[in-house]
Amino acid sequence: MPKYTITAESTKNMPWESRPEKTHGVLWRYSGNPIIKRNPTEHCVRVFNSALVPYGDGFMGVFRADHPSGGMRIHLARSKNGIDWDIEDEVIKWTDENGKPFQPQYGYDPRLVKMGDTYFIMWCTSFDWQPTIGMGYTKDFKTFTRKENAFLPFNRNGVLFPRKINGNYMLLSRPSDNGHTPFGDIFISESPDLTYWGKHRKVMKTNSQSSWQSLKIGAGPIPIETSEGWLMIYHGVNLTCNGYVYSMGAALLDIENPSKVLYRTRPYLLTPEVDYETIGYVQNVAFPCAALLDADDGRIAIYYGAADTYVGIAFGYIDEIIDFTKSNSQLVAGDADIGRD
Ligand code: BMA
């Protein structure tokens, strides 16, 4: 029995491997990584920062795929075991809320969450060829409705909470400039209807004393509700002489006021170390976008993009991640506030 309570549906058939001997660190990598290799379909030459949910007796995914044309697109994928994936070669076809075709010019870094009988998809979309938060939904993974853009450019890493908080939907995002890409901090916005967003607050800033998260940070998988707060796995970026390095960390946010950070890790949970993370289209990237949870046993499988080329899985125990986050925490000025100023 886990020490801390997790309020989420359990996924009993999620991929899992126990921790190898002689492993340090809170997370460990799946021995079969990367689970998706180069050129999985004719038009998908690299599949990486991708999201999935349990669906039926298996899993459904929205996968970020780069095309030979250079386009960044989102494709549907199915799996029985969460490891072997059947990726559609056609992109997801969106209509607007009146049923008219409404394709994004590009789409990348999707997130996926089920609320009630609806699956919501967020992604970094093109708004007049400038990045911002796209949002859509499906009930059956056959028809997909795209809402109008949730935010103005420039914004990235839009991540919905899995339920309303104090009566409103909540979305994390990272406003940014038009390049690659400071500003670097995570904000939160509220909406009664997933259309009109306001009450924007700052959640968490970069940490100049912790190099892996010193340039920019962005929310990763859908936040996980626990007895200790919302567990937010996030990515942090360091600018080195040789380019950016993307690592993963964790934070606990207040349950009622998630713009307040309770704890956040000064050390990373996982940083690029193995070949499929350090060598690829973009070297040194571990970019988490989704997690499967077994709430009963407190297990988590984190799906992350590796080197903008592959998909990998890392495993862990929620209790250990929470204890690590609490005992290795360093807040930045303002993190603990509700973030209105
Ligand atoms: C970010 C996004 C991600 C990508 C990362 C590293 O700005 O474009 O999709 O994984 O850069 O290249």
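Just so you know, these numbers come straight off a predicted model, no measurement behind them. Position 1 is the first residue of the sequence; numbering continues from there. Read the numbers this way: they start at 1 and go in the same order the structure lists the ligands and their atoms. Only heavy atoms go into these numbers, but all of them, side chains included; no hydrogens, no water, no symmetry mates.
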| What atoms of ligand 1 come closer than 4.0 angstrom to any heavy atom of D109? | 2 (C), 3 (C), 9 (O)
| said: Taking 4.0 angstrom as the limit and counting only heavy atoms of D308, give me the atoms of ligand 1 inside it, by number and element. | reply: 4 (C), 6 (C), 10 (O), 12 (O)
| query | Do W197 and Y169 make the cut of ring centroids closer than 6.0 angstrom? | reply | no
| What's in the same ILVMFWY side-chain cluster as L76, cut-off under 4.5 Å, chained through other members? | V53, Y55, M60, V62, I74, I92, W94, L112, Y119, I121, W123, F141, F144
| query | How about D341: does its CG atom have over 12 heavy atoms from other parts shown lying under 6.0 Å from it? | reply | no
| query | Which atoms from ligand 1 have a heavy atom of R64 less than 4.0 Å away? | reply | 9 (O)
| Can you find a non-hydrogen atom of R156 under 4.0 Å from ligand 1? | no
| message | Please check if the number of heavy atoms outside Q130 that lie under 6.0 Å from its CD is greater than 12. | response | yes
| message | Out of all atoms in ligand 1, which are within 4.0 Å of some heavy atom of N49? Include the element for each. | response | 3 (C), 4 (C), 9 (O), 10 (O)
| said: Heavy-atom distances under 4.0 Å decide this one: backbone, side chain, both or neither, for Y108 against ligand 1? | reply: side chain
| task | Look at atom NZ of K205 and say whether more than 12 heavy atoms of other residues, nucleotides or ligands are closer to it than 6.0 Å. | result | no
